[in-house]
Q: 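One structure follows; several queries about it will come next.
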Amino acid sequence: MRTLEWDPKNNTLKLIDQRYLPARFEIYTCHTYKDVIYSIKEMVVRGAPAIGVAAAYGMAIAAMHASSTTVENFKEEIKKFGAEMMASRPTAVNLMWAVRHILSLLDNPGNIEDYQKALLNEAHTMADEDVAINKKISEYGASLIEDGDTIIHHCNTGSLATVDWGTALGSIRMAHEQGKRIHVLVDETRPRLQGARLTAWELQQAGIPYDIISDNMSGHFMRTGQVNKVFFGADRVTANGDVANKIGSYMLALAAYTNKVPVYSVFPISTVDLSLANGALSPIEERDPQEVLNVSVEGLLVTPKGATARNPSFDVTPNYLITALVTELGVIYPPFNVNLQANITKNGGQN
Ligand code: MRU
């Protein structure tokens, strides 16, 4: 199944519950928009594009359950739900983009029933478009990958991070399907281990050779000439091409820069936030320190009782560390502060 699927019989959103993979394959069902907010906050669903589309369905569910009886009140109620939805995770800008896109439908003339139908239809369209866009992005991404490459990949940017297929990992998968022999070094991606748990699971299913590495090994592999490329995704790309992505991306890009290993950030144009001039302005989510502390070996907690921790969930990779940005509009090269916006404008802007 796709990462998220609509159940038309029960008007619910089904999500692959990513908290338990790969140990257990479970489905989490969202009956209300509050369930969708919970799933985004708790990372039942995660990855910027998947979060965006889940939020769009959340808004459709909210519209179905709205209590207002006049169009005016209905619009106000939905906007309030939208604000709640957007506050569920701060860094992935696809979430804000998707909710704003859905809310813009309320500017069209209609009655409550028209809006309820329109919101759900738009969520379906966004889900299908996400898959088509990922395939397009991955064609460009795969064109950068050569036969025999060893690639370090950070976090999870595959089918599970999107509605289906993926971005950075989608590019690797497409290159593999084109017959290129690729080896992936999978950053385990502390503290939530999206690499070790989800990326390894996806690579295994696709039959792509890989080894999991702990995050602090990547510099060693690059310095000893064992890595050809670094691929990761993005949660928010600012106007100058700075990339906010999963914590650890910055350190990876620094080591790659020093060792002359090219770094590609792969994402849909909905991840671009042109309203922010640079990455220093990107909001960085700080999650529960327990995610860092809660590590057990042989049933024993590794940290002392009462230990404290910090847990920023994302960091910003400055544009000069990135070789190219890969999007559905093509591969964009520096200067990003000129070329990113120019590409978007040339293709009719962000919608
Ligand atoms: O905290 P997560 O798992 O939602 O973070 C995901 C990432 O950082 C991904 O790299 C990004 O969202 C791109 S997914 C195509």
Side-chain angles (χ1 to χ4, degrees), residues 2-4 15-19 21 39-55 88-98 130-131 133-138 140-141 152-174 186-202 215 230-237 243-253 263-273 279 282-288 291-292 311-317 322 325-328:
R2 285 177 167 187
T3 299
L4 47 91
L15 301 170
I16 296 179
D17 195 329
Q18 300 190 35
R19 293 171 299 179
L21 280 175
S39 335
I40 294 173
K41 277 189 176 155
E42 295 301 318
M43 297 171 68
V44 173
V45 63
R46 45 141 304 278
I51 290 172
V53 179
S88 55
R89 276 195 92 183
T91 306
V93 77
N94 303 60
L95 168 61
M96 294 68 185
W97 169 83
D130 182 69
V131 184
I133 286 171
N134 287 334
K135 294 260 172 85
K136 190 86 218 141
I137 294 172
S138 297
Y140 290 117
I152 295 192
H153 176 275
H154 195 64
C155 195
N156 172 267
T157 64
S159 296
L160 290 165
T162 58
V163 175
D164 204 0
W165 192 265
T167 57
L169 199 59
S171 304
I172 291 171
R173 183 170 159 194
M174 188 154 298
V186 178
D187 264 0
E188 61 179 359
T189 318
R190 281 271 292 145
R192 292 288 295 235
L193 301 169
Q194 290 94 329
R197 296 192 304 109
L198 309 175
T199 298
W201 187 69
E202 287 197 39
D215 300 343
V230 168
F231 268 66
F232 55 66
D235 279 79
R236 188 184 295 243
V237 180
V243 172
N245 191 51
K246 179 51 53 196
I247 191 76
S249 304
Y250 172 47
M251 264 180 29
L252 188 58
V263 174
Y264 299 105
S265 173
V266 188
F267 54 85
I269 287 298
S270 52
T271 304
V272 178
D273 183 354
S282 282
I284 299 292
E285 177 180 15
E286 184 100 18
R287 292 185 65 85
D288 187 344
E291 292 183 346
V292 175
N311 189 16
S313 193
F314 298 91
D315 57 26
V316 174
T317 300
I322 295 170
L325 305 172
V326 184
T327 74
E328 69 270 33

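Starting from 1, each residue takes its place in the sequence as its number. First listed ligand is number 1; within each ligand, the first listed atom is number 1.
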Q: Going by an N to O cut-off under 4.0 Å, is there a salt bridge joining D273 and R236?
A: yes

Q: Using distance alone, with no hydrogens and no angle criterion, decide if T167 and N134 have a side-chain donor and acceptor under 3.5 Å apart.
A: no

Q: Hey, is F267 one of the residues with a heavy atom under 4.0 angstrom from ligand 1?
A: no

Q: Looking at every heavy atom in both Y140 and V326, which two are closest together, and how far apart are they?
A: CB-CG1, 3.9 Å

Q: Tell me whether Q194 has any N or O atom under 3.5 angstrom from an N or O of ligand 1.
A: yes

Q: Checking side-chain contact (heavy atoms from CB on, under 4.5 Å) between L160 and each of R197, Q194, E202, which is the one that passes?
A: E202

Q: Would you say R46 has any N or O atom under 3.5 Å from an N or O of ligand 1, going by distance alone?
A: yes

Q: With nothing but distance in play, are any N or O atoms of T167 less than 3.5 Å from an N or O of ligand 1?
A: no

Q: May I ask you to test the V230-H154 pair for a side-chain heavy-atom distance under 4.5 Å?
A: no

Q: Just to check, does R192 reach to within less than 4.0 Å of ligand 1 when the distance is taken from its heavy atoms?
A: no

Q: Provide, to 0.1 Å, the distance between atom 10 (O) of ligand 1 and the closest protein heavy atom, together with that atom's residue and name.
A: N245 OD1, 2.7 Å

Q: To the nearest 0.1 Å, how far is atom 13 (C) of ligand 1 from its closest protein heavy atom, and which atom is that?
A: A234 O, 3.4 Å

Q: Non-hydrogen atoms of A92 versus ligand 1: any pair closer than 4.0 Å?
A: no

Q: Does the residue M43 have a heavy-atom contact with ligand 1, meaning some pair of atoms that are separated by less than 4.0 Å?
A: yes

Q: Based purely on interatomic distance, does T157 place a nitrogen or oxygen under 3.5 Å from a nitrogen or oxygen of ligand 1?
A: no

Q: Please step through side chain to side chain contact (heavy atoms under 4.5 Å, CB included) for the pair F232 and T317, ending with a clear verdict.
A: CA-CA 11 Å; F232 55 66; T317 300; 4.1 Å; yes

Q: Flag the pair E285 and R287 as a salt bridge only when some basic side-chain nitrogen lies within less than 4.0 angstrom of an acidic carboxylate oxygen.
A: yes

Q: Taking the six-membered ring of F314, is the NZ or CZ of K246 close enough (under 6.0 Å from the centre) and on axis enough (within 45°)?
A: yes

Q: Closer than 4.0 angstrom, basic N to acidic O: yes or no for E42 and R19?
A: no

Q: For atom 14 (S) of ligand 1, which of the options G52, A161, G233 provides the nearest non-hydrogen atom?
A: A161

Q: So which heavy atom in the protein is nearest atom 7 (C) of ligand 1, and how far is it from that ligand atom?
A: D235 OD1, 3.2 Å

Q: Heavy-atom contacts with A48 under 4.0 Å: which atoms of ligand 1 show up? List them by number with element.
A: 12 (O), 14 (S)

Q: Would you mind running through ligand 1 and noting each atom that sits below 4.0 Å from a heavy atom of P49?
A: 14 (S), 15 (C)

Q: Measuring from L198:CG to C155:SG, what's the distance to the nearest 0.5 Å?
A: 8.0 Å

Q: Has ligand 1 got any nitrogen or oxygen that is less than 3.5 angstrom from a nitrogen or oxygen of N156?
A: no

Q: Do any N/O atoms on G47 end up under 3.5 angstrom from N/O atoms on ligand 1?
A: yes

Q: Quick check on contacts: which atoms of ligand 1 are under 4.0 angstrom from a heavy atom of K246?
A: 1 (O), 2 (P), 5 (O), 8 (O)

